[in-house]
Amino acid sequence: MKFARTLLASAALLGLSLGSAQAAEVKKLGLAVANLQANFFNQIKQSVEAEAKKRGIEVVTVDAKGDGPTQVNQIQDLLTQDIDALIYIPAGAAAASVPVKLAKQAGIPVVNVDRNAEGAPGDTFLATDSVASAKAVCDYILKEAGGKGKMVIIHGQKGTTPELDRTKGCLESLKAYPDVSVVAEQYSNMWSQDEGFQIMQNMLQSNSDVSIVFAQADGLALGAAQAIKVANPSQKIVVGGFDGDTAALEALSKGVFDVTATQQTQKMGRDAVENAVKLAAKEKVPPVQLMDATLTTKENVAGFIANHP
């Protein structure tokens, strides 16, 4: 029995040492980002690079600037650079599966962050539980509006994982508010403040009595708030956003808009690196890993400005 225990202990130690050796072999990661003009993606990028630096891992980062075909070309190039794993934030829905298929053909594991690829998911998917968080944001703005009125929805990029999930979450919330009618919806292409401004201007021209806005990103929410300020309507319009972007949190503290869901961007970046290292070492990880976002208003925003999760 003693001899058997010794063999087991030796095997365990050998397994640990082999695991450590495999992990140590991770020298380079590829990071393909959808659009670094967006604060949300920049925060994830900075966190990935900081965590990798702590581990002595090089990161090669590419920015698709919102263009799917550009991203496919960038990832094709990354796959020739001896990367040990790919951290991938798709630039859009249309070609999102192509890079995953290319990486898998090359035997390179893929960590998808924020957006997954329909029909060709990464080896693991890290994201906020956008359904639950969008429901919380919409619950808040619908309640603030007194449970009645006309609502508009400014969607993110059509067909992407967060756009679909945030729509689903808000529709769940609306079921409890029969006296709220959605009078207009429009998709954005870049989730940007300029788009939010233009879309909201057009919506106000057609629906001047709107009282509720759900913008599926903070950039869109800031643009919508700016358009509302310019229009100067007589009624109060409650505006909800999503993301917890640093500039948006500052604006929220000043009452520019009403509520957002602050995502754990720093944790996403750290976890992306950790999972990339595990996958490169042939360890099993869960296929989907969802994180909570925190409903953030003027009352609790200061803590997120001081220390973004």
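One is the number of the first residue; the rest follow in order along the sequence.
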Residue pair Asn116, Thr161: steps toward the side chain to side chain donor-acceptor pair (under 3.5 Å) verdict: CA-CA 6 Å; Asn116 220 351; Thr161 310; over 6 Å; no
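- Annotation: side chain of Thr294 is not in contact with side chain of Pro309 (no heavy-atom distance under 4.5 Å).
- Around the NZ atom of Lys53, the shell of radius 6.0 Å holds no more than 12 heavy atoms that belong to other residues, nucleotides or ligands.
- Linking Ile, Leu, Val, Met, Phe, Trp and Tyr whenever their side-chain heavy atoms come within less than 4.5 Å puts Val238 and Leu142 in one cluster.
- For Glu118, there are no salt bridge (Lys or Arg N to Asp or Glu O under 4.0 Å) partners at least two apart in sequence or on another chain.
- Within 6.0 Å of atom NZ in Lys150, 12 or fewer heavy atoms from other residues, nucleotides or ligands are found, so the atom counts as exposed in its surroundings.
- A heavy-atom distance below 4.5 Å is found between the side chains of Thr124 and Leu279.
- Within the 3.5 Å criterion, the main-chain N or O of Gly241 finds no donor-acceptor partner in the side chain of Asp218.
- Side-chain contact check for His155 versus Thr167: some heavy-atom pair is nearer than 4.5 Å.
- Thr262 places no side-chain N or O within donor-acceptor distance of the main-chain N or O of Gly244, the cut-off being under 3.5 Å.
- Two residues are said to be in side-chain contact when any heavy atoms from C-beta on lie closer than 4.5 Å; Val259 and Thr296 fail this criterion.
- Counting heavy-atom neighbours within 6.0 Å of Lys28 NZ, excluding the residue itself, gives a total above 12.
- Every residue two or more places apart in sequence or in another chain that forms a side-chain contact (heavy atoms from CB on, under 4.5 Å) with Glu51 is listed here: Lys54, Arg55, Arg270, Val273.
- A donor-acceptor pair is defined here as one N or O able to donate and one able to accept, closer than 3.5 Å; such a pair exists between the side chain of Thr80 and the backbone of Asp77.
- Side-chain atoms of Thr128 and Leu290, non-hydrogen and from C-beta on, never get closer than 4.5 Å to each other.
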Side chain to side chain donor-acceptor pair (under 3.5 Å) between Thr246 and Gln43, intermediate numbers included: CA-CA 9 Å; Thr246 52; Gln43 288 186 54; 4.7 Å; no
Pair Ser211-Gln235, side chain to side chain donor-acceptor pair (under 3.5 Å): steps then yes or no: CA-CA 7 Å; Ser211 57; Gln235 77 277 19; over 6 Å; no
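- Heavy-atom contacts from other residues, nucleotides or ligands closer than 6.0 Å to CD of Gln37 number 12 or fewer.
- Among Asp129, Asp271, Thr265, the single residue meeting the side-chain contact (heavy atoms from CB on, under 4.5 Å) criterion with Met291 is Asp271.
- Under the rule for a side-chain contact (heavy atoms from CB on, under 4.5 Å), the partners of Gln193 that lie at least two apart in sequence or sit in another chain are Leu222, Gln226.
- Using a 4.5 Å heavy-atom threshold, the side chains of Val213 and Met200 count as touching.
- Leu174 places a side-chain heavy atom less than 4.5 Å from the side chain of Val180.
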